[in-house]
Amino acid sequence: MKQLNQLYETTPYRLLAKTITRHIPGVEEKLVEYLVAEIPRRYGGDYGIPIMRLLRGVQDREEKINAIINDLKQSPVIRDAVYTRGYLNIDINEAELAKTLFNTVKAVGEEFGPPKTAKPERIVVEHTSANPTHPLHIGHARNMCLGDTLARMLRKRGHIVQTRFYINDMGRQVAVLVYGYMKASTKPPENTKPDHWLGLVYAITHTLIDLQEAKKKLKQARTHEEYQEAVNEIDKLMAALAKLRSKDPQLFDKLAEAIQQDPDPEKTISRIMQEYEYRLNPDTVKAFREVVELCLQGFRETMKRVDALPEEWDWESDLAWTSMVEKVIKEALRTPYITYKEGALALDLQKLLRDKPYLYEKLGIPRNLEIPPLVLRRSDGTTLYPTRDIAYTIKKFQAFNADKVINVIAAEQRLEQIQVRLALAAIGREKEAANTIHYAYEMVTIPGRSMSGRRGEYITLDEVIEAAIARARQEVDKRYPELTEEERQAIAEGVGIGAVRYSLVSVSATKPLTFNIDEAVNFERNTAPYIQYTYARAYNILRKHNAPIPWEEIDYTAAGERQDRRTLLLLAANYPYIYAKAADELKPEILVAYINKLADKFNKWYPTDHVIREQDPGKKAFKLALVYTIKTILENTLRTLGIPALKRL
RNA sequence: GGGCCCGUAGCUCAGCCAGGAUAGAGCGCCGGCCUCCUAAGCCGGUGGUCCGGGGUUCAAAUCCCCGCGGGCCCGCCA
C-alpha cells in the first residue's frame, strides 16, 4: 500500500518532522511530531510548531528558519510557511491535499487506515483472564475491551497478533467453588446462565465458610475487643447470607446444611486443591474441569456477544500437569538467586537487581521499589500463582513464536508482574522479560455500589449490556415503529453493546474509571451511538447516490470553498497518522478522541452543504469523495473498536 | 512505614511522558433550529484558585521539591 505511506508522509506531523530534522541536527523526528499543533483560529494558518525551542543553542537561527521555510514550500501541499513570535506556521494547500487523500482512498478503498508498520512483530495479547468463579463484571469488561481493541489496532497496523485467555483454575477460589458445587450436588438450572448460577454457589459457599471461621474466632476470643470484632464480623456475614438466601433459598439451605456437617471445610478445600494439582483423585479432577468449563460457557457467551472472543484458551492446570512449571523451578535452582524464605523455595530478586542494575532500565522498574523475595514453592511443595505465571509467560512466547507479549492485567498486580519479569531475567530469559508488557488498567467503580465476588455483590457485564440494549430499544421503537421486531432488536443490540465498549476504551487505562450506566447509555455526543449515527448519515448519502464515486470528475477547487468543508478534509487526511500513533503507543483513547472530533466536524458540515442536491458535477464529485472517505474512516474505526457499523439507526 | 497510580468546569474526561500562542470536549443548565442526504443532529449562551505551597525557566496544567485528598500494592492469596 504505497499510497497509504505517501499520505502518511504528507500529514503536517511528518512533513514538519522530516524537514526540520534535516536542518537541525540532533533533533529527533518524534519530538517534532509531538510538538506539531493546530493553530488557534485567531492566528491564522493550519498547523504550527514552537520552533525556537528546537533552535536552542543553534547558530544562525534566522538562516535556519528561512532554509526550513523554503524547504517546506517545496511541498505542493504546503501553500505557505511563516515565522511569527517563536512559531513556525504552515498553511495547507487543501486542493493538493485532497488530491493525495482521494487518490489514496480510491486506491485502497476499504483498507484505508494506518500504513503497515515497517517492523511487523508477532504479538500475543492476553486479556480478560477472569477467575472462573463468578460471571464477568464491569471491571473485566474494561480489560476485555482494552485487550480486544489493542489486538485489532495492532493487526491493522500490520502486526501478527494472537489473543489468549488464561484460565485460572488452580487458585483457592476455584477450589472453594468446586467444594460448594460438590456439596450442592446439583447442576445449574436450565433457564440460568451457568456462570451466574456458579457465582451464587461460590458466594454462598464462601460466606458460609467465613461464618464458620468467624464463629471459631468468637469462641477463642481472649479480650473484649477480639470478642466485639468477631461479633461485628458475624453480624455482617449474617446480613450477607440473608441476601444470598433470598436469591435461591433451596440451593442455600442445601449448601448450609452440607457445609455445617463438615467439621473443617478449610481442610477439605486444601485437600481438593492438592488432589487437583497432583491429579490424585479422578472425581475431584472431573469436578474441577466440569465447574470451570460451565463457567467458561457463560464467559464465552458474553464475550462473543461483545465480539471480543479470544483465540486461545490456556488452562493453568495444564501448565502444572506438564513439566513446564517444574522446569521453571529447575532453572531457578541453577541460579545464584535461589534462597529460602522460612524453608520455602524462593528467588532473591533484590540480589538479582544488585548484580544486574541495568535491569531497572531494561525492564522499566522503579528505582526505589523494594522487591520482596518471590516464593516459588510452598513448604508442602505445591506451586504458587506467580510461579505458574512465569511458566505461562514462557508458553505464550513459545506457542506463538512471539516477539512481544502484552498482558492486560489490573494495575493492582503491578508488583507481581514485575516479579514475574525479574524471575524470567533471573533464569536467563532477559529477552522475554524485556518484551513482556504489563498493560495496566485501573479499577472500574460504580457509584454507590461496592463490589465483592465472594459476597456475590457485583454488577455483571450481562446486566450492563441488557440495560444498555433496553435503553436503546426504547429509542429505536420510537423512531422506527415500522420495522420488524427482529430489525429493531438488532439495531438496539448494536447500539447498546457499542455504547458499553466505547465508554470503556475512551478513558486512558491509567485512570480509575467511574462507570455510570446512565451516562454510558446516554446516547449523545461523544458516545458510540453518536459515531454510529454519523456513519449512518454518511452511508445513506452514498446509498442515495447509488453509483460509483466519480473520481475522474472531481473539481479540486471545491476543497477550499468553505471553511467547514476544508476543516473536515484536513482532519480526514490525518487519519493514517493518528491511527498509527494510537496503535504504536497502545492508546485506543487517542483513536476514540479523533473519531469523535471527526464525527463532530462532519455533523457540523452535513446540514449546510448538501451533497445529493449539488448541481455542479465537479463539486458534487468532490463532496461524494469526501463523504466516502469519512464513511470509510468511521467504518474502519468502529471495526477497530469492535462496534457494529449500522446502516440505519 | 515504604512504593505505584490519580487529582483540570457542578459531573465525566482530553491535554502532562515529549514545557511554548487567550487551558479544550461531552454531560448538565438557559435559549433557538425539522416543506431540505437520519433532530441519537445543529446553532448560541452558561461555567475553571488546572488540589495547595515553594523551586527551575524567557515561558509551568505539563519538569523538580514539600505537603493535602482518593485508590491500589507491599502474603507459603490469586
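Chain letters run A, B, ... following the sequence lines, proteins first, then strands; residues in each count from 1.
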Considering every strand and a 4.0 Å limit on heavy-atom distances, what is the contact class for [X]: base, sugar-phosphate, or nothing?
| X | value |
| --- | --- |
| S508(A) | sugar-phosphate |
| K620(A) | nothing |
| Q417(A) | nothing |
| L345(A) | nothing |
| L415(A) | sugar-phosphate |
| Y480(A) | base |
| V495(A) | base |
| I39(A) | base |

Integer angstrom distance from the [atom1] of [N] to that of [M]:
| N | M | atom1 | answer |
| --- | --- | --- | --- |
| C64(B) | G24(B) | C1' | 27 Å |
| U35(B) | C30(B) | C1' | 29 Å |
| U62(B) | C51(B) | P | 8 Å |
| A61(B) | A18(B) | C1' | 15 Å |
| G41(B) | C68(B) | C1' | 44 Å |
| G53(B) | U49(B) | C1' | 13 Å |
| U38(B) | G48(B) | C1' | 36 Å |
| C11(B) | G47(B) | C1' | 12 Å |

For [N], take OP1 and OP2 only and decide whether either is under 4.0 Å from a side-chain N or O of [X].
| X | N | answer |
| --- | --- | --- |
| K511(A) | A14(B) | yes |
| K597(A) | G26(B) | no |
| R53(A) | C58(B) | no |
| T534(A) | G41(B) | no |
| Y530(A) | C42(B) | yes |
| K604(A) | C43(B) | yes |
| T514(A) | C13(B) | yes |

Whether [X] and [Y] hold their rings parallel, tilted or perpendicular, with breakpoints at 30° and 60°:
| X | Y | answer |
| --- | --- | --- |
| Y13(A) | Y577(A) | parallel |
| Y606(A) | F602(A) | tilted |
| F165(A) | F299(A) | tilted |
| H140(A) | H134(A) | parallel |

Nucleotide forming a Watson-Crick or wobble pair with [N], both distances under 3.5 Å:
| N | value |
| --- | --- |
| C13(B) | G24(B) |
| C42(B) | G32(B) |
| U49(B) | none |
| C63(B) | G55(B) |
| G69(B) | C6(B) |
| A78(B) | none |

For nucleotides 75-78 of chain B, list the nitrogen or oxygen atoms of the protein found under 3.5 Å from its nitrogen or oxygen atoms, one pair per line.
{"unit_1": "C76(B)", "atom_1": "OP2", "unit_2": "K341(A)", "atom_2": "NZ", "d": "2.3"}
{"unit_1": "C76(B)", "atom_1": "O2", "unit_2": "S379(A)", "atom_2": "N", "d": "2.9"}
{"unit_1": "C76(B)", "atom_1": "O2", "unit_2": "S379(A)", "atom_2": "OG", "d": "3.1"}
{"unit_1": "C76(B)", "atom_1": "N3", "unit_2": "S379(A)", "atom_2": "OG", "d": "2.1"}
{"unit_1": "C76(B)", "atom_1": "N4", "unit_2": "E342(A)", "atom_2": "O", "d": "2.1"}
{"unit_1": "C76(B)", "atom_1": "N4", "unit_2": "S379(A)", "atom_2": "OG", "d": "3.1"}
{"unit_1": "C77(B)", "atom_1": "OP2", "unit_2": "R378(A)", "atom_2": "NE", "d": "2.8"}
{"unit_1": "C77(B)", "atom_1": "OP2", "unit_2": "R378(A)", "atom_2": "NH2", "d": "3.2"}
{"unit_1": "A78(B)", "atom_1": "OP1", "unit_2": "R378(A)", "atom_2": "NH2", "d": "2.7"}
{"unit_1": "A78(B)", "atom_1": "OP2", "unit_2": "Y385(A)", "atom_2": "N", "d": "3.4"}
{"unit_1": "A78(B)", "atom_1": "O3'", "unit_2": "N168(A)", "atom_2": "OD1", "d": "2.4"}

Does the structure show Y606(A) stacking with G41(B), if we require the centres to be closer than 5.5 Å and the planes to be within less than 30 degrees of parallel? no
According to a cutoff of under 5.5 Å between the ring centres and under 30° between the ring planes, does H610(A) stack with the base of C37(B)? yes
Between [X] and [Y], is any side-chain donor less than 3.5 angstrom from a side-chain acceptor?
| X | Y | value |
| --- | --- | --- |
| Y166(A) | N407(A) | no |
| Q274(A) | T382(A) | no |
| D314(A) | Y392(A) | yes |
| R421(A) | T436(A) | no |

Within 90° of 0 counts as syn, otherwise anti: where does C34(B) fall? syn
So which one's nearest nucleotide on RNA chain B is more toward 5', E589(A) or L88(A)? E589(A)
Go nucleotide by nucleotide along RNA chain B from the 5' end; which of D609(A) and L513(A) gets its closest nucleotide reached first? L513(A)
Would you kindly give the CD-to-P distance between E442(A) and C73(B), to the nearest whole Å? 10 Å
Report yes if some heavy atom in the side chain of P50(A) is under 4.5 Å from a heavy atom in the side chain of L35(A); otherwise report no. yes
Y385(A) backbone acceptor or donor facing D389(A) side chain under 3.5 Å: no
Please confirm whether any donor atom in the side chain of N89(A) sits under 3.5 Å from an acceptor in the base of A21(B), or the reverse. yes
